[in-house]
Amino acid sequence: MPADSPPKPPSTKRVRLLPWRGPVHFALLMATSAVSLTLPLLYIVALMAFMGYLAWVAWDWTHHLAFAQQLTWQDALPLGYLAGGVVTWIFMLRPLLPNPRRKGVALQITPASQPDIYELVDELCWHLRLDPVEEIWLDTTASIRTSVKDGVVGVSSGQMILNIGLPVVSVTSAREFASLLVQELAMNAGGIGTTFSHLVRELNSWFYRALMERDPWEMDMSQARKKETKFQAFIRKVTWLWMTVAKVLFAFFFVIARLVNAAALLRLQSGANAAARNLIGPEAWAALEAKIGLLDKAWSASKVEIRRGMVQNRLPENLSLLLARHVARAARESKVVPPSGASRKAAKGEEIISGLPVDAPAASQFRSFVDLSRQVTFFYYQHELGVSLLEHRMVAEEEVIHQNRREDESLIVIRRYFGGLAHPERAMCGLGGTHVTSPGQAPLKAEILLVREEMKEWASRLKMSLQEWNLAWQRRRDLEAAATLSLAGFTVSRIQFGTEDTSPESLRAEGSRQRMVMEHVETAVQAYEKRMESRFAAALGLLWWTSDSELDDALCVRKQELPQWCLVYESLASALPSFRELLTTFFAFQTLGAKFANLNDNGSFFAALQSVVPKMTNLVRQILGTLDGAMYPFTSNRVPIPMNDYLLQGKLPEPANVSMNPGSTIDTRALSAQMAATSSEVIAPFVDRFLQLYHKSYAWLAESAERTENHFLSPLSMGADVELLMPEEFAKMRETQPLRTPPVLPKKA
């Protein structure tokens, strides 16, 4: 919270957030609870009746055997009926013995470690006429949930447990977060009906767990096993089917319970939504609902990225920041704009949240939010996914977003034209001389064919050089991020980086060595890229200097747009070396989660910010200087604008002046936090726009060159053993593998 807005003391007058609930609501909860409690008892009665029937069948069979004059083989049949009935009864008994409530992977916080959160939750509970929550846990889910301690058995105590998903915290403001807390807490509020609210929700949860959740061995019954005989597979399938059929009666009671609870739960949910709207206002609540929808989609996308990361041994270090980045990008693309504080109408609960700044992130209510989120993320990997962290490299969430782009059409086009031998963050521009005037179609076609044949000869060597270059750059990015985290006081694993210690100096020294490796391999890579640029330029020249009568309609249209795309590509390609440096620094900056900086964070955190923010800002200014004079022609009104205005849609922060006066420490921290937050809001879109426009222009030119070659010549086929599929596949080499000596350079044409 900013220093100029001290926290407001709790309100002394309760504000009614929940709509009035009369005797009808109370009677509905009582009736629902009574019916829900009766259903398990009825199921137990049904089980006892079934057991009584089996006992009667057993007695009748025994009586028949005792008094039969002559026994036949048919007299043994009831034994099979009894055995099948007993097994079925045991399977029917299983839902009444569900597994204990699964707590999941979570980190408990205490009032001593996070006083602001407990104070906020306690005040909201006071206004909702609820007892304070007993425990608060943090996890990686995209939701906020409450439950009663000890489940149905603990309903009478009313001790609530609150689970907060840190991804929710990372994408919401402080006031939005308070409204989500109110929404969940209000599900349990109801005055004298609070106990019945707890009972309805816990019984509904119990029925679901009793029917759906199973032990691992039960889940494995439906999965084929290795090296099992046909007889074993038959027994397994029959047993699984038997267990499923035995639960039909309980499933019938489960459906009845859901139908009975539906009215009460819908009423509780409606009241909870109304309470949240009353706290922040209907406009802000509508915007928040849209944001939560984006968060659910982001979590689904992140699961895919986590699976890819497990294959690549590179996992996102902070899931909360990864999801926040996804939501921010999706909000910009869908143009979701939250209502500003000035335009927002005063809500009924304005007095309650008046102490929370309008634009402050929810993470500002947590002490050391980024470190907390990293811990919870590591717990999730270790205990939820069973991943050994020593075998995986933890990387910035920004790198995960940029690295996993298999569906990006631009990268697919670039890969296809160059046979997978072009790194998407390297440029085929300015490496060698190109034709200024038309040499004629024959020389251009001959040059294309010549380079094609050469590529088949040294494609495997270029592939190896690109792998080594990319591996060194990747490791350099990791080391820069690790050095920044170490400078901020966060824990860094020495085993992951192979350095003598985890001091910032050691990590950055190793990063400098990796930069030297990149420069060493650069000469070999550029020599090959020079020849591929010759083919690239020849194909585009063939398109430009050929008359329209010899081209098809699609190529004629591309010929008209060729100068504009060439100017965009050449201008961005000239700034690409500086942009790669920006990416390296920006990934390190993102690992800090500077947007969520809090004045309670330690001084080392702000020292780390001061080490990367000025460098990052200077690199952006350097890129803008390189692009000075370049124009962006693809505006809606077809009037070109400066490229810098398109890429940087905001103002870069000015460097914070560090005062030597010890009494101004708080002011310096506030300025540093503000500068870092501004950098995050301005530079992140700049990086996205630059990379997207560069790849788009690169792909447009590559596709134009490909279509031109296909029009005049035959398509090129490099073979599956040569092609590199996507950027992440450059990283498949083991990081323990020593770098090879750069191969021999190709001969000049």
Problem - Leu693 and Tyr632, any side-chain heavy atoms less than 4.5 Å apart - result: yes
Problem - Test item: Tyr381 and Leu319 side chains (from C-beta on) under 4.5 Å apart, heavy atoms - result: yes
Handout entry: Pairing residues for Pro633 by the side chain to side chain contact (heavy atoms under 4.5 Å, CB included) criterion, not counting sequence neighbours
Key = Gln564, Val568
Practice task
Sequence neighbours left out, what passes side-chain hydrogen bond (donor to acceptor under 3.5 Å, both in side chains) with Ser534? Give chain and number order.
Solution key: Glu447
Handout entry: Which residues share a salt bridge (Lys or Arg N to Asp or Glu O under 4.0 Å) with Glu522, sequence neighbours left out
Key = Arg426
Practice task
Return yes if some donor-acceptor pair links the side-chain N/O of Lys445 with the main-chain N/O of Leu713 below 3.5 Å, else return no.
Solution key: no
Handout entry: Sequence-distant partners of Asp628, salt bridge (Lys or Arg N to Asp or Glu O under 4.0 Å), two or more places apart
Key = none
Practice task
Sequence neighbours left out, what passes side-chain hydrogen bond (donor to acceptor under 3.5 Å, both in side chains) with Asp553? Give chain and number order.
Solution key: none
Exercise for the section: For His711 and Glu550, indicate whether the former's side chain and the latter's backbone hold a donor-acceptor pair under 3.5 Å. Expected result: yes
Exercise for the section: If a pair satisfies salt bridge (charged side-chain N to carboxylate O under 4.0 Å, His left out) and one of its residues is in residues 535-547, list it, with sequence neighbours excluded. Expected result: Arg535-Glu709
Exercise for the section: Please confirm whether the backbone N or O of Leu466 pairs with a side-chain atom of His423, one donor and one acceptor, at under 3.5 Å? Expected result: no
Exercise for the section: Could you tell me whether Arg314 and Asp478 make a salt bridge, using a distance below 4.0 angstrom between a side-chain N and a carboxylate O? Expected result: yes
Exercise for the section: Using a strict cut-off of less than 4.0 Å between a Lys/Arg side-chain nitrogen and an Asp/Glu carboxylate oxygen, indicate whether Glu480 and Arg476 qualify as a salt bridge. Expected result: no
Fill in the blank from the handout: By salt bridge (Lys or Arg N to Asp or Glu O under 4.0 Å), Glu519 pairs with (sequence neighbours left out) Arg515
Practice task
Look at Lys530 together with Glu533 and state whether they make a salt bridge at an N to O cut-off of under 4.0 Å.
Solution key: no
Problem - Side chains of Thr708 and Trp544 in contact at under 4.5 Å (non-hydrogen atoms) - result: no
Exercise for the section: Using atom types as modelled and distance alone, determine if a side-chain donor or acceptor of Ser320 lies under 3.5 Å from a backbone N or O of Ser170. Expected result: no
Practice task
Run the numbers on Glu510 and Arg513 for salt bridge (Lys or Arg N to Asp or Glu O under 4.0 Å), then give the verdict.
Solution key: CA-CA 5 Å; Glu510 179 62 25; Arg513 286 191 284 270; 2.7 Å; yes
Completion exercise
Residues pairing under side-chain hydrogen bond (donor to acceptor under 3.5 Å, both in side chains) where one sits in residues 565-580, two or more places apart or in two chains, turn out to be Ser578-Gln622
Handout entry: ring-ring contact (aromatic ring centres under 6.0 Å, His included) involving Tyr417 - partner list, sequence neighbours excluded
Key = Phe536
Exercise for the section: For residues His326 and Leu294, determine if any side-chain heavy atom of one lies less than 4.5 Å from a side-chain heavy atom of the other. Expected result: no
Practice task
Go through the side-chain N and O atoms of Trp299 and Thr140 and say whether any donor and acceptor fall under 3.5 Å apart.
Solution key: no
Practice task
Would you please name every residue forming a salt bridge (Lys or Arg N to Asp or Glu O under 4.0 Å) with Arg374, sequence neighbours left out?
Solution key: Glu317, Asp371
Problem - Any residue meeting side-chain hydrogen bond (donor to acceptor under 3.5 Å, both in side chains) with Ser704, in chain and number order, not counting sequence neighbours - result: Arg558
Exercise for the section: Look at the side chain of Ser697 and the backbone N and O of Tyr694, then say whether any donor-acceptor pair between them is shorter than 3.5 Å. Expected result: yes
Handout entry: Which residues share a side-chain hydrogen bond (donor to acceptor under 3.5 Å, both in side chains) with Trp700, sequence neighbours left out
Key = none
